[in-house]
Protein chains: 2
Amino acid sequence: MTKPVEKKYKFAVIAVDPIIFSLIDNQLHVLLIKMKKDPYQDTWAAPGGLVGGDESLDEAVWRLTKDNTGIKDPHFEQLSTFGEVERDPFGRVVSVAYLTLLNADKVEIKTTQEYGEIRWFSVKRLPKLAYDHRDMVQAAVERLQERLLESNIVASLLAEEFTLTALQVVYETILGKKLDKRNFRKKILSLKILKKTGHQELFKANRPAELYKFVSKRVQPVEILG
Amino acid sequence: MTKPVEKKYKFAVIAVDPIIFSLIDNQLHVLLIKMKKDPYQDTWAAPGGLVGGDESLDEAVWRLTKDNTGIKDPHFEQLSTFGEVERDPFGRVVSVAYLTLLNADKVEIKTTQEYGEIRWFSVKRLPKLAYDHRDMVQAAVERLQERLLESNIVASLLAEEFTLTALQVVYETILGKKLDKRNFRKKILSLKILKKTGHQELFKANRPAELYKFVSKRVQPVEILG
DNA sequence: GCAAAAGTGTTAAAACTACACCCATGG
DNA sequence: CCATGGGTGTAGTTTTAACACTTTTGC
């Protein structure tokens, strides 16, 4: 993800690192690539890379995400910038971490020549990560939990239509704690950010669940839970 | 604050920009320096600068703050990173903005050869600012308001001992709205982050006020107001 | 004794928490 | 008819919001 740079140099290299989350099997997962080059050969890392001279940070994170994973135009939020001197053994690289949450079923993960492998990992069972990417993932999980409570960021994770139970499970999984069913429903419906589709989830061995959708999938501030 | 860089270059220059707030005459002020060099000659800007090859971002913001303003080791929080391609007319400079709040009376602002002038400006009456520093100040004000509600960041602004009314005025000024005196006192005292010093503010033409101090001035999360 | 800011308590409304049973379907 | 998850209401508690008068001092 980086190229050699002289340490003494006053110029640095700017990287961006997308921390891409999804839920798989009711576990929060993060998308990582296996690096081919030394000294991190065969080590997993966020699918980031260097920022081009003629692109903004936002443009770079979209481009790299598309090139490295095939995922197009997710909603990114800037997380934090990592600038310890020794964070990259090749030289001075400052990296701006970004965060997104998306539906793993809706994206097809693409492998590239540059990276050997690309895979979702449960955040509870991360492999050894290159650079300070473990810190990045850690910080991203915490930020994601905060964002869950103050925005409708989950909208980008869920299918177009979903049951309230499915929504609750997402919250429980990411927050790592159980929520009360009745209180959750009362609260989320009072926010007027969902509407019934009129459809039902059928063909299951139980009472069919009402399907809901977000009034707007645009990520915006909402006080979700207190 | 920047040096010429070729645009095509893949390397960029990293800058840090401290957004330094204080309260003066019951108005939120930000510390700015007047630039000497083209193309921003005589334009005001945050007292930032370039990050050295052998220092972290955090180290750089402390060094530059000390060199440019004389202020030593304030509590900085990373705000956001600004990386639009054209944000600096000299070339590609990515800047990491930092935020701090301090007591203007306790620091002596130092002028340097490099910058013509250094001054506090009310955030309500900002001059024309260099680069995207107006956006930075704007973002910093919003973040500061959030931090006021979820941490004891005000501790770094106040004198060692202060009255509850003084504390309330700080909140009102930064948040830009009036608060109820009784409710404010009830809430802030219930948090157990203050303790009475036993001293009083005397020699005023009114009933003397009790003086309080923070149990810990270390900035840490606290749910202040809901 | 007057001006000025400090200090203090109650009530109503809203938000949150805990909790248990009936319902609609597939098999 | 049974197993499964869906759906619903209420009561107790806590938190917030609104609001006005008495106290202590300097002059």
Side-chain angles (χ1 to χ4, degrees), chain A residues 23 25-26 145-146 148-152 154 158-159 161-173 175-213 221-226, chain B residues 23 25-26 145-146 148-150 154 158-159 161-173 175-213 221-226:
Chain A
L23 280 200
D25 297 335
N26 279 348
Q145 291 173 340
E146 293 167 15
L148 219 54
L149 302 180
E150 66 189 27
S151 79
N152 60 347
V154 271
L158 290 153
E161 304 192 354
F162 49 87
T163 66
L164 292 184
T165 298
L167 181 61
Q168 184 178 341
V169 168
V170 171
Y171 271 86
E172 290 179 336
T173 305
L175 296 177
K177 63 179 183 192
K178 290 280 170 212
L179 301 173
D180 179 88
K181 181 158 70 162
R182 279 177 287 197
N183 293 339
F184 179 80
R185 285 165 182 240
K186 219 180 310 170
K187 184 67 198 252
I188 208 86
L189 291 176
S190 76
L191 298 173
K192 310 287 187 197
I193 57 174
L194 301 183
K195 61 174 178 234
K196 270 192 188 171
T197 63
H199 307 155
Q200 293 188 324
E201 189 185 44
L202 299 167
F203 315 117
K204 301 195 74 179
N206 53 30
R207 175 172 174 176
E210 293 289 335
L211 291 169
Y212 288 80
K213 63 192 292 190
V222 189
E223 282 297 329
I224 307 272
L225 299 169
Chain B
L23 280 199
D25 297 336
N26 280 349
Q145 291 174 339
E146 293 167 15
L148 220 53
L149 302 180
E150 65 190 26
V154 272
L158 289 153
E161 305 192 355
F162 50 87
T163 66
L164 293 184
T165 299
L167 181 60
Q168 182 178 343
V169 168
V170 171
Y171 270 86
E172 290 179 334
T173 305
L175 296 177
K177 64 180 183 191
K178 288 281 170 212
L179 301 173
D180 179 88
K181 180 159 69 163
R182 278 175 287 191
N183 293 339
F184 179 81
R185 285 165 181 240
K186 219 179 309 171
K187 184 69 199 252
I188 208 85
L189 291 175
S190 76
L191 299 172
K192 311 286 187 198
I193 56 174
L194 301 183
K195 63 173 178 235
K196 269 192 187 172
T197 62
H199 308 156
Q200 292 188 323
E201 188 186 46
L202 299 166
F203 315 118
K204 301 194 76 177
N206 54 30
R207 177 171 173 176
E210 293 289 336
L211 289 169
Y212 288 80
K213 61 191 294 190
V222 188
E223 282 295 329
I224 307 273
L225 299 171

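All chains are named by letter (A, B, ...) in the order of the sequence lines, taking the proteins before the strands, and each is independently numbered beginning at 1.
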### Query
What is the distance from NZ of B:Lys177 to C1' of D:dA17, rounded to the nearest Å?
12 Å
### side chain to side chain donor-acceptor pair (under 3.5 Å) evaluation trace for A:Arg185 with A:Thr165
CA-CA 9 Å; A:Arg185 285 165 182 240; A:Thr165 298; 3.0 Å; yes
### Query
Does A:Leu148 offer a backbone N or O that forms a donor-acceptor pair with the side chain of A:Tyr171 under 3.5 Å?
yes
### Message
Looking at A:Arg182, I'd like to know whether one of its side-chain N or O atoms comes within less than 4.0 Å of OP1 or OP2 on D:dG7.
### Response
no
### Task
Using side-chain hydrogen bond (donor to acceptor under 3.5 Å, both in side chains) as the criterion, list what pairs up with A:Glu172, not counting sequence neighbours.
A:Gln168
### Query
Which of residues 204-213 of chain B sit near DNA chain C, with a heavy atom under 4.0 Å from it?
B:Ala205, B:Asn206, B:Arg207, B:Pro208, B:Ala209, B:Glu210
### Task
Name all residues meeting the side-chain hydrogen bond (donor to acceptor under 3.5 Å, both in side chains) criterion together with B:Asp180; count only those two or more places apart in sequence or in a different chain, and write none if there are none.
B:Asn183
### Query
In whole Å, what is the span from the CD atom of A:Gln200 to the P atom of D:dG6?
12 Å
### Task
Heavy atoms only: give me the nearest A:Asn26-A:Thr173 pair and the separation to one decimal.
O-CG2, 3.4 Å
### Query
Between B:Lys187 and D:dT16, does any side-chain N or O lie under 4.0 Å from OP1 or OP2?
yes
### Summary
Contacts of B:Glu150 meeting side-chain hydrogen bond (donor to acceptor under 3.5 Å, both in side chains) (sequence neighbours excluded), chain-then-number -> B:Arg147
### Distance (rounded to the nearest 0.5 Å) between A:Ile193 CD1 and A:Ile188 CD1
4.5 Å
Can you tabulate the close N/O pairs, meaning under 3.5 Å, that link protein atoms to atoms of nucleotides 10-14 of chain C?
from   : atom 1 : to       : atom 2 : distance (Å)
C:dT10 : O4     : B:Lys186 : NZ     : 3.0

### Rounded distance (Å) that lies between atom C1' of C:dA4 and atom CZ of B:Phe203
17 Å
### Query
Which whole-number value in Å describes the distance from A:Lys178 NZ to C:dT17 P?
17 Å
### Query
Roughly, in whole Å, what's the span from CZ in B:Phe184 to C1' in D:dT15?
17 Å
### Query
When rounded to the nearest 0.5 angstrom, what distance separates CZ in A:Phe162 from CG in A:Leu194?
5.0 Å
## Note on the structure
Residue set satisfying side-chain contact (heavy atoms from CB on, under 4.5 Å) with B:Glu201, at least two apart, ordered chain then number -> B:Thr163, B:Lys204, B:Ala209, B:Leu211
### Query
If you look at every strand shown and take non-hydrogen atoms under 4.0 Å, does B:Thr165 touch a base, only sugar-phosphate, or nothing?
sugar-phosphate
### Summary
Taken to the nearest whole Å, CG/B:Asp180 to P/D:dA20 is 11 Å
#### Entry: Whole angstrom value for the distance that separates C1' of D:dA18 from CZ of B:Arg185
17 Å
### Message
What is the separation between atom CD on A:Gln168 and atom P on D:dG7, rounded to the nearest whole Å?
### Response
11 Å
